[in-house]
Amino acid sequence: MRHLPSNKILALILSMLLSVTAKASDNTKKSAIKDTIFTTASVLKIMKRVGDWQLQSWKTDGFKHKKTDWTNGALYTGLFALGQTSGDEKYDQALIDIGNDVNWNTGSNRLLADDYCVGQTYSLLYMKYKDPKMIAPFQHLGDSIASLPFNESLEWKNNIQKREWAWCDALFMGPPALAYLSTATGDLKYLDKAAGLWWKTTDYLYDPQAHLYSRDGSYLNKKEKNGEKVFWSRGNGWVLAGLARVIENMPANYPGRQKFVNEFKDMAAKIASLQQPDGSWHASLLDPESYPIKETSGTGFYCYAILWGMNHGILNKSQFLPVVKKAWIALVASVQPDGMLGYVQPIGGSPDKVTEQSNEVYGTGAFLLAGAQLYQYVGERKGKL
């Protein structure tokens, strides 16, 4: 065996040490960069960049969907949260202008949950500005919904979605709208109806072993390529975020509240266990390799709901903080320089492909909801996570 001269050995050792030091320095810089996104100033800055991009997009390109559509309804919840967080009245004003444009009406399909998702924001605006016109049409609809029996089967046929909450997305659209209406009016009949119908949908679509929801009845027995059941990320994101928003409107002594809290905790734990190494959740929860790329609408809703649970003392902070930190890093990395959020799966009902350029308004809404909860969490700890 040939021996290297001692001077070459020393040079080799020195080179290796410098390489290790450089890598450590690089990792320290990356860690510092990551830490800087967890300040109230940085959270608000990225929220405003994303929200302002959306407002500018409307000015430049107009609305892609009807102003009362569920897609926009989900976005409005995030814009309202941005207005509350920033104190900038332009976000509220944008929402008030939209409400005035549509005369504060919901969509044309009166019993389709998608079409009254906007009622959440109408109620929130009413509670802030006390203008009765903001909830008058929706309250009239809420009275009708509260009086109906909703006694059909939830089998996915005969346009059942126009009459019942027969798909998991509906649990973000319908129940929170009625729950916020209860808070706005002080009348629990809307919340009572929401609670009753929540469990009807859950009994049909929720898998208690998996702690996840099938999208609708047509997916109950569908399998992924790897043999696992099909559980869609955004679909379950709708549910977990919907749970948070319903519980938020339940009085502490509300009958059955604990049942909602228990489901929230069970789902949150399951979702956390399915997070990918990059901090995101892929489109398919149990077969992440089927679409091996991050998806930001589901990720945004999970980040929002888990942070909400932490902020409200429902989820253990030390257990879930690493989850939301990784999720927020993944979300921020998906925001382009102009403020557009990418990697949002297009409208659909099951796992599907996504690209860096994929954007939809509900993804923006989820991002802003998550940001508002993170801002609160960091702010209450004076900037220390």
Side-chain angles (χ1 to χ4, degrees), residues 63-77 80 95-127 131-202 204-205 215-218 235 238-239 241-242 245-246 249 347 349 361-362 365:
F63 283 69
K64 290 172 57 179
H65 312 288
K66 291 181 179 178
K67 292 181 178 179
T68 56
D69 194 61
W70 64 270
T71 51
N72 285 319
L75 168 62
Y76 301 158
T77 65
F80 183 85
L95 295 171
I96 291 169
D97 289 345
I98 290 166
N100 286 329
D101 285 346
V102 299
N103 294 316
W104 300 95
N105 284 308
T106 54
S108 58
N109 293 296
R110 291 180 60 75
L111 298 184
L112 175 65
D114 283 350
D115 274 18
Y116 54 90
C117 178
V118 294
Q120 297 182 50
T121 302
Y122 292 170
S123 290
L124 285 163
L125 288 168
Y126 167 75
M127 286 187 277
D131 187 342
K133 73 180 180 185
M134 293 176 170
I135 62 164
F138 180 48
Q139 186 173 6
H140 181 68
L141 174 61
D143 291 338
S144 296
I145 293 171
S147 70
L148 293 172
F150 294 96
N151 53 10
E152 291 188 65
S153 164
L154 298 185
E155 291 179 87
W156 195 249
K157 60 183 182 181
N158 301 325
N159 289 317
I160 188 60
Q161 70 273 21
K162 293 184 177 181
R163 302 180 302 279
E164 297 269 359
W165 297 344
W167 73 114
C168 71
D169 315 31
L171 296 184
F172 181 89
M173 314 299 166
L178 293 175
Y180 278 106
L181 185 60
S182 271
T183 302
T185 62
D187 191 336
L188 287 177
K189 70 179 180 182
Y190 310 113
L191 179 59
D192 292 343
K193 179 60 71 170
L197 294 181
W198 181 284
W199 297 117
K200 178 178 180 178
T201 301
T202 296
Y204 189 60
L205 296 180
R215 196 271 178 172
D216 59 61
S218 71
W238 288 127
V239 177
R245 294 176 76 77
V246 170
N249 287 280
I347 294 170
V361 288
Y362 45 76

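The first residue of the sequence shown is numbered 1, and numbering continues consecutively from there.
Shown here for G235 and C168, the closest heavy-atom pair between the two residues is O-SG, 3.4 Å. Across all non-hydrogen atoms, the minimal contact from G242 to W198 is C-CH2, 4.0 Å. L191 and S182 make their closest contact through N-OG, 2.8 Å (heavy atoms, listed as atom of the first residue, atom of the second, distance). For W165 against L154, the heavy-atom pair with the smallest separation is O-CD1, 4.0 Å. Scanning all heavy atoms of the two residues, the minimum distance from P176 to V246 falls at N-CG2, 3.8 Å. Nearest heavy-atom pair, G174 versus Y116, reported as atom, atom and distance to 0.1 Å: CA-CE1, 3.6 Å.
The line from CG of D101 to OG1 of T68 is 11.5 Å long, rounded to the nearest 0.5 Å. Here the CZ atom belonging to F80 is positioned 5.5 Å from the CG atom belonging to L125, to the nearest 0.5 angstrom. Taking OH of Y126 as the reference point, atom NZ of K133 lies at 13.5 Å (rounded to 0.5 Å). How far OG1 of T121 is from CD1 of I96: 11.5 Å, rounded to the nearest 0.5 Å. Atoms CG and OG1, on L197 and T202 in that order, are 10.5 Å from each other to the nearest 0.5 Å. Here the OG1-CG distance, from T106 to D114, works out to 12.0 Å after rounding to the nearest 0.5 Å.
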Report the C-alpha separation of F138 and V118 in whole Å, then their side-chain angles, then the decisive distance to 0.1 Å, and conclude whether the side chain to side chain contact (heavy atoms under 4.5 Å, CB included) test is met.
CA-CA 9 Å; F138 180 48; V118 294; over 6 Å; no

Quick one: do R215 and D169 satisfy side chain to side chain contact (heavy atoms under 4.5 Å, CB included)? Show the steps, please.
CA-CA 7 Å; R215 196 271 178 172; D169 315 31; 3.6 Å; yes

Steps toward side-chain hydrogen bond (donor to acceptor under 3.5 Å, both in side chains) verdict (Y190, D143)
CA-CA 8 Å; Y190 310 113; D143 291 338; 2.5 Å; yes

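Inter-residue side-chain proximity for L171 and W238 is flagged as unmet; no heavy-atom pair is nearer than 4.5 Å. For the pair L181 and Q139, the minimum side-chain heavy-atom distance is below 4.5 Å. A heavy-atom distance below 4.5 Å is not found between the side chains of L112 and M173. Residues R163 and I160 meet the side-chain proximity criterion, which asks for heavy atoms closer than 4.5 Å. Put simply, the side chain of W70 does not reach to within 4.5 Å of the side chain of H65, judged on heavy atoms. Contact of the Y180 side chain with the I135 side chain is not registered, since no non-hydrogen atoms from C-beta on lie closer than 4.5 Å.
Remark: side-chain polar atoms of R245 are not paired, donor with acceptor, to backbone N or O of A241 under 3.5 angstrom. Proximity of a side-chain donor or acceptor of K193 to a complementary backbone N or O of G142 within less than 3.5 Å is not detected. In this structure, the side chain of K200 does not engage the main chain of E164 through any donor-acceptor pair within 3.5 Å. Under a 3.5 Å cut-off, the side chain of Q120 and the backbone N or O of F172 do form a donor-acceptor pair. Y76 places a side-chain N or O within donor-acceptor distance of the main-chain N or O of K67, the cut-off being under 3.5 Å.
Residues meeting the ring-ring contact (aromatic ring centres under 6.0 Å, His included) test with W104, sequence neighbours left out: Y122.
Screening V361, D69, I98 for a side-chain contact (heavy atoms from CB on, under 4.5 Å) involving F63 leaves a single residue, I98.
By the 4.0 Å N-to-carboxylate-O rule, R110 lies too far from D115 to be salt-bridged with it.
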